[in-house]
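Report on the following structure.
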Amino acid sequence: MKRLFAVALGILTAIGGFVDIGDIVANTETGARFGMSLAWVVVVGVVGICLFAEMAGRVATVSKRATFDLVRERLGARVALVNLVASLFITFLTLAAEIGGVALAIELATSVNYLLWVPIVAFCVWLVIWRVKFDLMENVFGLLGLALVVTAVALWRLDPDWGGLLHGATHPAVPQGEGHPSWWYFAIALLGAAMTPYEVFFFSSGAVEEGWSRADLVTNRLNVYIGFPLGGLLSLSLMAGATLFLEPRGIQPGHLSQVALPTALTLGKLGLAVLLVGFFAATFGAALETGLSCGYTIAQYFGFQWGKFVRPADAPRFHLVALVSIVLGAGLVLTTLDPITVTEYSIVLSAAALPLTYFPILVVANDPDYMGDKVNSRFSNALGSVYLLLLLVVAVATIPLMVLTKAGS
Amino acid sequence: MAGRVLEAGLQLLDRQLVDRDGRLAGKVDDLELELPEGGGPPVVTAILAGPGALARRIGGRLGAGLEALASRLREGDDGRPARVSFAVVKRIGSAVELSVPRAELETNRLEAWTRDHLIAHLPGAGDAPE
Amino acid sequence: MRRSWMALFLLLLGACTGPVRSTSVYESKAGATAETVASAVETARLAVQAAQDGDAYGRYLTQLLADAEKDADAAQGTFEGIQPPDRRADQLRDQLDELLGQATDTLTELRTLARRGRFAELAEPAAPLAGLAEELHAFAEAHA
Amino acid sequence: MRLSDLLGAEILDEAGRSAGRVHDVRLVQDGPVVGGFGAALRLDGLLVGRRAVGARLGYDRGKMKGPLPVKLLAGWLFHDGRYVEWGRIRTIESDRILISGTVEDLPRPGPSS
């Protein structure tokens with residue numbers, strides 16, 4: 001029975017933990033502007049993160065080595081350093097966006113300016129990283145994140161023209177009046193939101209934190225193959241809500257308040273309250289993950305002790321990096337740079353930087369020295385190669401598209 | 001284990017150092033080779049770890065900057081990079097396992113400094129997370 | 001993504017370039033501004049509707065109206081920073097200014113009422129929003 | 001001497017012709033005993049080739065399972081690997097290693113482990 005509970009818990013936290021400020025912003029803005037015509041990208045992104053997270057989790061479980069440890073080993077100190085700087089910058093940007101996201105969620109509930117909440121949020125994020133046990137932290141925010149299911153409930157309650165939505169999703173076409181470059185730019189943003197590098201840093205480091213063994217490989221796969229797709233459904237329900245409510249009225253959702261409109265108008269006060277809990281949990285949970293990931297990446301590159309499974313005094317530099325990252329992240333938000341804008345950049349740059357960590361993991365997952373008999377199957381190698389090509393194309397296309405579309409405007 | 005063949009770059013360099021208690025103690029940033037007195041090919045005598053050793057492999061301006069920083073941090077004695085004698089290496093697998101606790105290693109100075117001067121002052125630094 | 005970047009882009013352009021090269025560029029800026037303000041007006045309409053249906057918390061509605069007002073003011077400020085290059089652009093400017101003024105005044109009034117918790121009184125001042133939204137969408141369509 | 005002095009150094013034969021750069025250094029554990037580790041790692045020879053990019057990925061050892069496109073690319077990149085035994089090294093300078101004999105008579109590297 002205990003095993004069943006562990007599996008269920010794993011899946012639920014995977015669902016709750018899947019959506020973060022990047023998914024919330026990307027899916028709502030895409031729905032408001034392009035309807036469901038980019039829904040297929042969410043599917044591609046979910047399949048991609050399932051493949052990538054399962055591989056990284058398996059590599060970490062079998063070889064007991066987390067992602068960035070292996071990135072340096074396989075690419076050498078110099079190339080891995082470039083990789084570290086890029087991945088760290090993007091993870092830091094995402095951390096700032098998540099801290100801003102938490103503050104915005106509280107602003108919605110209190111109508112007190114979000115900037116006032118930022119220092120408090122940053123302190124709480126640090127405190128949880130400093131004191132709370134790893135799996136307790138994951139379970140609480142993962143389960144609370146499930147509150148975002150309310151967006152799907154709102155959709156079900158609305159009982160919209162499902163055929164119309166499905167048609168939009170299955171016949172992707174650039175709506176008239178919109179340029180192809182912007183359409184593809186939003187596609188990259190959606191992919192970056194679904195396949196953020198920090199999720200893999202966190203997922204693989206988590207496998208070591210929780211001391212997974214080969215027996216846990218099955219649980220790992222279940223968490224990923226069931227949890228992430230259901231998490232992806234939450235993203236799609238955000239997109240559908242925007243398609244039904246915002247797109248027809250030409251509302252451009254630049255604020256979290258507008259993102260909450262579809263659910264508030266359909267389910268009223270109770271729905272809105274649950275949604276705000278969901279926003280808070282999703283962004284706070286992601287702030288923890290990105291704060292930790294800043295620590296993980298640097299510690300795993302230089303080789304000093306990391307992880308919450310040891311006393312803070314035994315991993316001093318790891319905790320120092322996490323603390324400094326959170327302080328700087330809060331500082332970036334306090335410069336009044338719009339957190340939504342920071343989010344938009346963090347997800348697009350995430351998409352562009354994916355090959356940097358995806359490629360080494362794909363290679364290590366094929367090395368019998370590390371994986372023994374748990375090397376990639378023929379299928380995961382075939383799919384893995386397709387995604388490698390896709391991610392390389394995305395990486396090359398991102399910056400030109402960013403310039404061409406003036407970051408999507 | 002006699003006669004085992006190892007490729008230094010692929011199977012030793014940049015690998016994680018793990019001490020006797022399973023704590024992480026740095027990376028194999030470089031290897032020190034010396035010619036034995038009796039002549040013959042050079043032999044690996046020690047692992048070099050820490051910013052001082054890493055700097056040489058990064059090269060360029062960044063490497064030089066890292067090296068300058070490292071010598072000030074005095075990881076190893078008299079500005080040398082921190083050194084782990086091969087005598088304390090227990091096993092070379094996906095990580096390099098050592099037979100001594102990391103506190104005894106030169107590579108641990110920066111870690112101990114950070115702990116004593118910064119982290120230890122924060123409440124709860126010493127206890128395991130509840 | 002579009003609103004925040006369009007506002008910033010227009011701000012930069014308005015602040016430093018002043019006169020815009022050609023009418024068509026000015027026209028597309030006017031169209032984009034109308035679209036942004038239309039978005040704010042539509043957001044306010046939904047907020048007022050939610051208030052009437054007792055759908056949402058006062059604090060949330062206040063925030064929603066404050067965000068809408070902020071977007072409209074920013075877009076208006078940016079647009080007014082751009083010098084119309086010729087006679088025809090002047091006409092466009094006057095036509096749009098008229099709409100922008102009405103929109104921002106209405107949004108400010110609604111946000112002030114909400115801030116004071118007087119949600120029951122939103123309907124009457126919100127009346128012109130529907131017509132304004134119509135005209136702004138039409139203007140944006142015509143000068144895309 | 002440090003390993004990093006060898007890695008990446010260019011191999012020049014007596015005629016001054018280049019055999020490429022050092023990708024890796026092969027060690028054999030049969031040196032004098034050193035502490036708890038047992039026999040020390042003796043430098044047996046240098047793995048040399050034209051392209052240094054991605055030498056660490058491990059595809060030149062032939063045991064990697066895939067993925068196919070990466071394996072093919074790596075195979076093509078490293079087809080010209082050579083092996084320089086310690087005995088043939090005359091002098092080691094900062095970025096160059098001078099060897100006796102000529103490039104042509106350098107054997108291909110045998111399988112390592």
Side-chain angles (χ1 to χ4, degrees), chain B residues 1-15 20 27-49 52-60 63 67 76 80-81 83-94 96-100, chain D residues 1-9 21-49 52 54-64 74 78 81 83-89 91-92 94-95 97 109-113:
Chain B
M1 284 268 279
R4 175 185 181 193
V5 178
L6 259 177
E7 274 162 29
L10 187 64
Q11 292 166 301
L12 205 45
L13 207 53
D14 294 318
R15 293 236 164 157
R20 189 188 56 186
K27 286 261 184 173
V28 176
D29 291 321
D30 212 332
L31 293 178
E32 177 191 81
L33 294 108
E34 276 166 13
L35 291 164
E37 290 79 13
V43 167
V44 177
T45 50
I47 291 168
L48 302 175
L54 185 60
R56 178 78 63 85
R57 292 193 40 231
I58 304 288
E67 194 145 15
R80 262 195 312 96
R83 187 175 174 284
V84 177
S85 155
F86 234 83
V88 300
V89 172
K90 191 169 63 177
R91 197 175 80 83
I92 298 173
S94 69
V96 174
E97 292 159 27
L98 307 177
S99 55
V100 294
Chain D
M1 176 173 64
R2 294 190 192 180
L3 178 65
S4 49
D5 300 336
L6 301 173
L7 289 177
R21 290 189 172 275
V22 177
H23 287 180
D24 213 330
V25 170
R26 183 166 292 169
L27 307 171
V28 176
Q29 190 173 6
D30 60 7
V33 173
V34 54
F37 180 62
L41 294 167
R42 173 183 54 81
L43 195 155
D44 186 68
L46 309 175
L47 285 152
V48 170
R56 297 283 296 284
L57 291 178
Y59 281 97
D60 46 5
R61 280 180 305 126
K63 279 195 308 186
M64 295 293 279
F78 300 118
Y83 193 68
V84 174
E85 289 191 349
W86 171 257
R88 295 198 47 184
I89 295 176
T91 55
I92 297 176
S94 64
D95 193 26
I97 296 174
S112 63
S113 48

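Heavy atoms only: backbone and side chains are in, while hydrogens, waters and symmetry mates are out. Chain A is the first sequence line, chain B the second, and so forth, proteins listed ahead of strands; every chain is numbered from 1.
Ranked by heavy-atom pairs under 4.5 Å with chain D, the first of B:Pro41, B:Ala53, B:Gly40 is B:Pro41. Top candidate by heavy-atom pairs under 4.5 Å with chain B, chosen from D:Val33, D:Val28, D:Leu41, is D:Leu41. If you tally non-hydrogen atom pairs under 4.5 Å between each of B:Leu35, B:Asp29, B:Asp14 and chain D, the highest count goes to B:Asp14. Note: D:Ser4 leads D:Gly31, D:Ser4, D:Ala40, D:Pro32 in heavy-atom pairs under 4.5 Å with chain B.
With a 4.5 Å cut-off on non-hydrogen atoms, D:Asp44 does not touch chain B at all. In this structure, the portions of B:Val89 lying under 4.5 Å from any heavy atom of chain D include both its backbone and its side chain. Proximity to chain B (any heavy atom under 4.5 Å) is restricted, for D:Leu7, to the side chain, taken from C-beta onward. Using a 4.5 Å cut-off between heavy atoms, B:Pro36 makes no contact with chain D at all. For B:Leu13, the parts sitting under 4.5 Å from any heavy atom of chain D are the backbone and the side chain alike.
At a threshold of 4.5 Å between non-hydrogen side-chain atoms, the residues B:Ser99 and D:Phe37 do not count as touching.
Considering only residues two or more places apart in sequence or on other chains, B:Glu97 meets the side-chain hydrogen bond (donor to acceptor under 3.5 Å, both in side chains) condition with B:Arg91. For B:Asp30, there are no salt bridge (charged side-chain N to carboxylate O under 4.0 Å, His left out) partners at least two apart in sequence or on another chain.
How far CD1 of B:Ile92 is from CD of D:Gln29: 6.5 Å, rounded to the nearest 0.5 Å. Interatomic distance, CZ of D:Arg2 versus CD of B:Glu34, reported as 12.0 Å (0.5 Å rounding). Here B:Leu31 contributes atom CG and D:Met1 contributes atom CE; the two are 10.5 Å apart, rounded to the nearest 0.5 Å.
Ion pairing between D:Asp5 and B:Arg56 holds under the 4.0 Å rule for side-chain N and carboxylate O.
Just one residue in the list D:Leu27, D:Val34, D:Leu43, D:Val25 forms a side-chain contact (heavy atoms from CB on, under 4.5 Å) with B:Val44, and that residue is D:Leu27.
Annotation for D:Gly35 and B:Ala87: closest pair CA-CB, 3.8 Å, computed over non-hydrogen atoms.
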